[in-house]
Amino acid sequence: MAAVYRDILGLDDVALTDSFFDLGGDSLSALSVLDHIEQITGERLAVSLILEHQTPTLLATALTRGSTRPNSLVPIQTGGSRAPLFCPHPFGGHVLFYAPLAKALGTEQPLFGLQARGLNGEAKPHLSIPEMAREYVEAIKSVQPRGPYQLAGLSMGGSIAWEMACQLRDAGDEIAVLALLDAKALHKHYEYASGRCHSLLGDSPAPDWLSEQPIILSILFPALKKHWQKLKSVKRERQVTALLEFGRKAGHLPAISDTQFDHILTVAEANRIALYDYTPRPHDARSVLFAAKKGLRMSTNQPDGDLGWKQFTQGHLEIHEVPGDHYTMVASPHVSVLAKKLDKYLNRND
């Protein structure tokens, strides 16, 4: 396992007790590590494995014990005495993006991710946000049987967290805080004269000659947008394969198999259906929108907007701007500012 870390991260040496993310690992390299281990062991592994077992020793022990079964609840940080923070996945289904946030919040703050079903092909992904929310509510109750609950969701995770809050309130549970991390309330499909506009791309237009799957891949791996023009002369049915080839050659993609990419794309397509079909229900839980300075508010030309949430908030919606864009706000160095602002809302008794 230490050798896998060393090879993927390009390091000279890795100790058995070194944490993958402390060594400079990120969501892309984590996928590469898991794919490499799958090739060695011949087993399908949960994307969450490296979050739950971050050192070579812990990872090897988990593999030896066979504790690799995918589960929606992912313990990212379990130490500390504070009430846990539950974070449903953004678009694409995995929760690797929350590892830097957990670290920035400090060891006293437990943080659990909620990942999508189907990331390694073990099951069909959910096609609706209420279905996801029901499964995730059941999962968090295995850790915290009763409220008040603390929820935070990045991007699509904001919509899932919103629906979880609604279902918890329906059951009589209290919501301490619902944090929306550069999340947009509505994602209906728009058609503009200049081409298709996808809210997950900040409502920026996509060329008419580009098929849907390359667009979805580019939402998951933003650097792929640089290769769109190369696809203009490629037949639509070959655009995904060609885009993967361009992305790999440029180093814009993790070193994972085509099969793993197929699983990721299947989950993302299901996520898109669920997100575009979802309209938030009104509720009065304490809600806070953390809008990235260069995030969805800017790309939708609404620099001071609420990203559509106020119409569904019966209580008061607070808005804080944080540095970074839709992706980098939860990565170093910007995540430290987000964590500082978010921490003021966590574990409050008022």
Side-chain angles (χ1 to χ4, degrees), residues 1-9 11 14-79 84-90 92-103 110-123 125 132 135-136 139-140 142-143 154 157 220-221 253-268 271 330-331:
M1 297 303 103
V4 172
Y5 281 20
R6 186 184 64 227
D7 293 345
I8 296 297
L9 297 177
L11 302 173
V14 171
L16 299 183
T17 54
D18 284 341
S19 167
F20 175 75
F21 294 99
D22 288 344
L23 291 170
D26 57 17
S27 59
L28 293 184
S29 52
L31 292 174
S32 298
V33 165
L34 290 171
D35 189 76
H36 201 90
I37 296 172
E38 283 191 5
Q39 293 177 34
I40 295 171
T41 64
E43 294 186 39
R44 291 191 310 177
L45 305 177
V47 177
S48 60
L49 188 69
I50 200 167
L51 286 171
E52 297 181 60
H53 312 283
Q54 296 187 13
T55 71
T57 296
L58 292 175
L59 193 54
T61 302
L63 289 167
T64 303
R65 291 175 179 171
S67 55
T68 61
R69 182 178 61 83
N71 192 289
S72 59
L73 188 70
V74 181
I76 298 176
Q77 188 161 277
T78 56
L85 177 63
F86 297 104
C87 301
H89 60 83
H94 70 67
V95 293
L96 294 165
F97 290 104
Y98 292 121
L101 178 60
K103 183 178 179 181
L111 189 149
F112 292 83
L114 293 153
Q115 71 178 8
R117 194 169 68 179
L119 280 173
N120 68 343
E122 82 288 354
M132 294 177 198
E135 181 177 314
Y136 302 162
I140 70 174
S142 69
V143 174
L154 170 67
L220 299 176
F221 306 103
L253 290 171
I256 63 177
S257 66
D258 287 345
T259 299
Q260 190 60 50
F261 270 119
D262 286 342
H263 296 327
I264 291 173
L265 193 54
T266 298
V267 170
N271 282 181
V330 290

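- F261 places a side-chain heavy atom less than 4.5 Å from the side chain of L253.
- For T78, the side-chain contact (heavy atoms from CB on, under 4.5 Å) partners two or more places apart in sequence, or in a different chain, are P75, F112.
- Every side-chain hydrogen bond (donor to acceptor under 3.5 Å, both in side chains) that S19 has, sequence neighbours left out, goes to Q54.
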Given I76 and E52, is the side-chain contact (heavy atoms from CB on, under 4.5 Å) satisfied, shown in steps?
CA-CA 6 Å; I76 298 176; E52 297 181 60; over 6 Å; no
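- Put simply, CG on L31 and CD1 on I264 are 5.0 Å apart, with the number rounded to the nearest 0.5 Å.
- In this structure L58 satisfies the side-chain contact (heavy atoms from CB on, under 4.5 Å) test together with H53, T55, sequence neighbours excluded.
- Listed for the Q260 side chain is a donor-acceptor partner under 3.5 Å among the backbone atoms of L119.
- Contacts of Y5 classified as side-chain hydrogen bond (donor to acceptor under 3.5 Å, both in side chains), with partners at least two apart in sequence or in another chain: none.
- L73 is listed as a side-chain neighbour of S142, based on a closest heavy-atom distance under 4.5 Å.
- For A3, the side-chain contact (heavy atoms from CB on, under 4.5 Å) criterion is met by R6, not counting sequence neighbours.
- Atom CG of L23 sits about 6.0 Å away from atom CG of L9, to the nearest 0.5 Å.
- Listed by chain and number, the residues in a side-chain contact (heavy atoms from CB on, under 4.5 Å) with A331 amount to none (sequence neighbours excluded).
- With rounding to the nearest 0.5 angstrom, the OG atom of S72 is 4.5 Å from the CD atom of E135.
- D35 meets the side-chain hydrogen bond (donor to acceptor under 3.5 Å, both in side chains) test with Q39, S257; sequence neighbours excluded.
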